[in-house]
Amino acid sequence: MTSGGGVMAKQNILKILTAAILLIISVSCSSSVYDQIYPTLRDGQYDSEFPYRNSSAQLEEISNSIKLVNSIAFYTSYIFDSDSHIRAVEIGKLNMEKVAAEKVFFNRTASGTGTIISNSQGHVAILTVSHIVSFPDTVISFFINPDGSFSQYVQSVSIKSKQTNYVNDLPGTGELDIIAIDKARDVALLGKSYDIDKTLNIPVFSYKWGASSELEWGSFIYAFGFPMNYKMITKGIVSRPNKEKHTFLIDAAFNRGFSGGIVLAVRDGVPNFELVGLIKSVPADFVYTLRPMTKEQDIDFNPMIPFKGDAYVDKEQVLRPGITKVIGIETVKEFILQNRDNLTRQGYIIGNIFNRPDGLQIKNVK
């Protein structure tokens, strides 16, 4: 009995030791995994990890400063007979009303995304890309020769008579002026002055302006925009950082209306969001389609019956989603700083809204 009891005691001791060893190993492994994963969130660089905690409240706050920007340009088009033999250099000397065989009115529209970046003393400023508010003042088309080449003779001249840019949920009609624009950089600022009491509840983007030059392959990003006029947030990762100066690619979903949307990176974990770019464009092909000049009473045309009314040729983009080009935030900073004096004269105090990542205020641009 004594011998059997000793064996059982030894077995119990062995079980206890085994459990203790397993516990030590388990704690050691847990500590090892923790040390490998979480310190990357405190390395001072932009994160490539999926956010490890909830940040919906902060993202909703940011989304309130994101607005749908609509733009419409109105044109008067003067159409000439084929035997008029008018050259482009003669356009400025002609009385269009007398020379044209026909006069047509039409408009062109565009929409995209803007972000309210300043609301000071009743002056509200919205950041967006220039191509959604840039319409040519004059468009000249030429007759086509029998061999398919362009003739030297003008077929039509379209002159812009008016342009309106607006955001629906701003005070009054929501109309905005273009207060600064750079078509080469593809950046624009829209603005309007209101009575101060009408701007008290207009939300402003208040997070830090970062540095796209510090993005790396695989950096995680959020993107806000209005694809197909729906406010949305999407996520993605960065590719080709700094392949071209202050531009990079993301794989976030893109559709019409996302142009001008903001791209946010995360530094050392959410909610440390930083603005690193503006969405510019996606690759696209162009197709030409024949469209009716007017569509009365919103009646659908029967595709089985040949159309016999007036028509025009429309050039349409076919988007290739999955590759989205982003303008680095450094380009936007340069644009704002170079226009700061003019903006200040208009009442917009914008140049001091952003800091470099090291906290030092930017004063000059080289």
Side-chain angles (χ1 to χ4, degrees), residues 28-63 65-66 113 115 117 127 129 205-225 227 231-255 258-283 319-334 354-360 362:
S28 175
C29 289
S30 299
S31 176
S32 174
V33 171
Y34 183 91
D35 289 342
Q36 290 177 15
I37 293 178
Y38 288 93
T40 58
L41 300 177
R42 299 188 298 273
D43 60 5
Q45 299 177 353
Y46 288 128
D47 301 346
S48 59
E49 303 86 358
F50 192 89
Y52 68 95
R53 52 161 289 187
N54 186 290
S55 58
S56 295
Q58 291 80 15
L59 293 172
E60 182 177 2
E61 175 192 351
I62 293 170
S63 74
S65 66
I66 311 299
T113 303
T115 303
I117 61 171
L127 175 67
V129 288
F205 178 83
S206 58
Y207 285 76
K208 179 180 287 188
W209 291 49
S212 67
S213 59
E214 296 182 23
L215 294 170
E216 300 175 313
W217 280 87
S219 292
F220 181 87
I221 59 90
Y222 283 108
F224 287 86
K231 182 186 288 188
M232 292 188 66
I233 180 175
T234 187
K235 65 183 184 301
I237 59 174
V238 172
S239 296
R240 292 168 60 91
N242 301 304
K243 181 69 174 179
E244 302 175 29
K245 183 180 179 182
H246 301 326
T247 63
F248 58 96
L249 300 178
I250 58 176
D251 67 341
F254 181 100
N255 214 317
F258 230 132
S259 292
I262 58 172
V263 176
L264 304 177
V266 182
R267 192 188 295 273
D268 293 343
V270 295
N272 299 319
F273 300 111
E274 294 186 11
L275 179 60
V276 292
L278 287 184
I279 293 176
K280 179 180 176 68
S281 62
V282 296
L319 300 180
R320 303 304 182 197
I323 305 174
T324 301
K325 190 171 184 178
V326 182
I327 303 167
I329 202 62
E330 290 88 344
T331 297
V332 181
K333 291 179 180 180
E334 292 175 356
F354 48 78
N355 291 344
R356 290 193 311 209
D358 60 8
L360 298 176
I362 295 178

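Numbering of residues begins at 1 and proceeds along the displayed sequence. Quick note: numbers below take in every heavy atom, side chains included, and nothing from hydrogens, waters or symmetry partners.
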A223 and I279: which non-hydrogen atoms are nearest, and at how many Å? CB-CD1, 4.0 Å
Considering non-hydrogen atoms only, spot the tightest contact between G218 and S48 and give its length. O-CB, 3.2 Å
Can you list the steps and then say if F224 with L59 is a side chain to side chain contact (heavy atoms under 4.5 Å, CB included)? CA-CA 9 Å; F224 287 86; L59 293 172; 4.0 Å; yes
Is there a donor-acceptor pair under 3.5 Å between the side chain of N272 and the backbone N or O of V266? no
Between the OH atom in Y46 and the CD1 atom in I221, the distance rounded to the nearest 0.5 Å is 12.5 Å
For the residue pair F220 and Y222, categorise the inter-ring angle as parallel (less than 30°), tilted (30 to 60°) or perpendicular (more than 60°). perpendicular
Rounded to the nearest 0.5 Å, what separation is found between the CG atom of D268 and the CD atom of E274? 9.0 Å
Measuring from atom CD of E61 to atom OH of Y207, what distance do you get when rounded to the nearest 0.5 angstrom? 4.0 Å
Closest non-hydrogen atom pair, Q58 against F273: CB-CE1, 3.9 Å
Tightest non-hydrogen contact, residues R267 and D47, listed as C-OD1, 4.0 Å
On a heavy-atom basis, which atom in F248 and which in S212 lie closest, and how many Å separate them? CE2-CB, 3.7 Å
Contact summary for L249 and K325, nearest pair of heavy atoms: CD2-CA, 3.9 Å
For the CD1 atom of I262 and the CG atom of L275, what is their distance to the nearest 0.5 Å? 5.5 Å
Hey, does Q45 have a side-chain heavy atom less than 4.5 Å from the side chain of S219? no
From OG1 (T324) to NZ (K280), nearest 0.5 Å: 13.0 Å
NZ of K231: more than 12 outside heavy atoms within 6.0 angstrom? yes
For the atom pair CG (L127) and OG (S65), what is the distance rounded to the nearest 0.5 Å? 10.5 Å
Quick check: do V276 and L215 have side-chain heavy atoms less than 4.5 Å from each other? yes
For G236, does its backbone N or O pair with a side-chain atom of D251 as donor and acceptor, under 3.5 Å? no
